[in-house]
2 protein chains.
Amino acid sequence: MRWEELDREPCSLARSLSIVGDRWTLLVLRECFLRVRRFEEFEQRLGIARHVLADRLKKLTDAGVLTKVPYQERPRREEYRLTEKGLDLYPVMLSLLDWGDKWMSGAEGPPVIRRHKACGQVVHAVHTCSECGEPLDARSMTVELGPGAKGAELPSETAEGSSAK
Amino acid sequence: MRWEELDREPCSLARSLSIVGDRWTLLVLRECFLRVRRFEEFEQRLGIARHVLADRLKKLTDAGVLTKVPYQERPRREEYRLTEKGLDLYPVMLSLLDWGDKWMSGAEGPPVIRRHKACGQVVHAVHTCSECGEPLDARSMTVELGPGAKGAELPSETAEGSSAK
DNA sequence: CTTGACAGGTTCCGTTTCGGAACCCATTGT
DNA sequence: ACAATGGGTTCCGAAACGGAACCTGTCAAG
């Protein structure tokens with residue numbers, strides 16, 4: 001599997017990673033969710049090399065995750081904003097955030113907390129089944145080939161004592 | 001922000017990315033969730049360069065995401081299994097999977113589907129508030145510095161017309 | 001009307017990381 | 001004695017990254 005062909009893999013994870021699966025992209029998107037929009041501000045807050053930032057913003061824009069919105073003419077200046085496709089990455093951010101809070105925080109606790117506007121509580125996300133509403137975890141799901149599977153195969157099920165079963 | 005110091009950033013997303021934020025790690029973990037455990041099998045299924053695979057497996061093992069379990073002696077052979085910390089990454093996989101299903105699938109639909117054992121339905125994950133149970137999205141949350149924030153700052157809130165508000 | 005600042009890039013160069021192939025090593029099968 | 005197996009390590013050229021310098025419109029100041 002080559003990196004440049006990831007987006008054509010018959011796997012939604014691979015396809016997602018063809019967009020967000022590199023060192024910087026999710027950090028750029030973190031800033032977007034924190035309402036950062038301008039080149040300079042991304043650069044200053046992230047300490048990213050300018051041409052890498054330019055490349056990521058271009059790729060995210062080409063992918064439809066960000067969109068350039070002019071905020072002045074003469075000289076023309078544009079800022080980057082999340083599209084609906086980009087906003088939809090929020091669950092990805094949240095999952096990584098919650099995992100980091102749980103497994104990568106020191107004794108002091110997490111560095112940033114999130115509060116739910118609706119209930120006012122400090123919260124984390126619970127993944128629930130879209131059909132029955134029960135919480136989901138790795139052991140409660142099975143996978144099957146779907147309609148878009150062309151020649152893909154799942155590994156054989158012969159293994160036993162699975163930790164991921 | 002340097003890549004080697006990501007794990008010391010006061011940000012759970014950065015800390016998570018210090019472990020899973022590269023080209024291959026989440027694909028290796030995808031295989032783990034599909035019950036792949038052996039070096040050769042990872043290599044064949046992923047088409048990853050052997051030394052890159054060896055490096056990722058070592059880093060994941062050092063990070064406590066995978067653990068090496070001997071399955072024979074003489075010659076000693078070990079396989080890689082997800083730890084609890086690794087299994088806890090399932091929501092991350094699921095979020096990326098669902099996003100890819102929604103935004104990266106062609107007209108045929110997603111290549112792989114997931115079925116919830118408990119209810120038997122094909123499902124996707126819904127992120128809900130751990131406190132009130134309502135669905136969460138980017139616009140329903142506010143962020144605040146938490147107990148582990150040392151000197152970190154959130155961007156100023158002066159921006160208006162926010163698309164991520 | 002020349003100089004400087006500002007926002008947003010692009011170019012260049014030296015260091016890392018990656019992809020691919022070859023090689024290593026202990027043990028068992030033929 | 002020799003090949004196969006599983007799990008790596010080594011080596012090389014290509015791609016990506018980090019850092020600094022440079023470029024491009026436009027306006028404002030001297």
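Residue numbers start from 1 in every chain, and the chains themselves are labelled A, B, ... in the order their sequence lines are given, proteins ahead of strands.
For the residue pair B/Trp24 and B/Val52, the shortest heavy atom distance occurs at CD1-CG1, 3.8 Å.
Rounded to whole Å, atom P of D/dC17 lies 18 Å from atom CD of B/Glu5. Rounded to an integer number of Å, the gap from CZ of B/Phe39 to C1' of C/dC24 is 13 Å. Rounded to whole Å, the distance from CG on B/Leu53 to C1' on C/dG19 is 13 Å. If you measure from atom CZ of B/Arg38 to atom P of D/dG7, you get 7 Å, rounded to the nearest angstrom. Computed from coordinates, the B/Glu79 CD to D/dG7 P distance equals 9 Å when rounded to whole Å. The CD-P distance, from B/Glu4 to D/dC17, rounds to 13 Å in whole Å. Atom CE in A/Met1 sits roughly 11 Å away from atom P in C/dG19 (whole-Å rounding). The separation between A/Ile48 atom CD1 and D/dG18 atom P is 7 Å, rounded to whole Å.
Remark: A/Lys68 is in phosphate contact with C/dG9, judged by side-chain N or O atoms under 4.0 Å from OP1 or OP2. Within the 4.0 Å cut-off from OP1 or OP2 of C/dG8, at least one side-chain nitrogen or oxygen of A/Tyr71 is found. The side chain of A/Tyr80 places no N or O atom within less than 4.0 Å of a non-bridging phosphate oxygen (OP1 or OP2) of C/dA7. OP1 or OP2 of D/dC17 lies within a sub-4.0 Å distance of a side-chain N or O belonging to A/Arg56.
Residue contacts shown for B/Trp24 are limited to sugar-phosphate atoms, with no base heavy atom under 4.0 Å away. Residue contacts for B/Arg77: at a heavy-atom cut-off of 4.0 Å it reaches a base atom on one of the strands shown. Across all strands shown, B/Arg76 has no heavy atoms under 4.0 Å from either base or sugar-phosphate atoms. Among the heavy atoms of the strands, none lies under 4.0 Å from A/Glu43.
Nearest to the side chain of B/Arg74, among D/dC17, C/dC18, C/dT28, sits C/dT28.
Both tests pass for A/Arg38 against the ring of A/Tyr71: distance under 6.0 Å to the centre and angle within 45° of the axis.
Only one option out of A/Glu84, A/Glu78, A/Glu79 pairs with A/Arg81 in a salt bridge (charged side-chain N to carboxylate O under 4.0 Å, His left out); it is A/Glu79.
Under a 3.5 Å cut-off, the side chain of B/Arg15 and the backbone N or O of B/Glu9 do form a donor-acceptor pair. Counting only distance, with no hydrogens or angles, the side chain of B/Thr83 and the backbone of B/Val65 share a donor-acceptor pair below 3.5 Å.
Between B/Asp22 and A/Pro75, the residue whose closest nucleotide on DNA chain C is further toward the 5' end is A/Pro75.
Side-chain atoms of B/Arg50 and base atoms of D/dG7 include a donor and an acceptor less than 3.5 Å apart.
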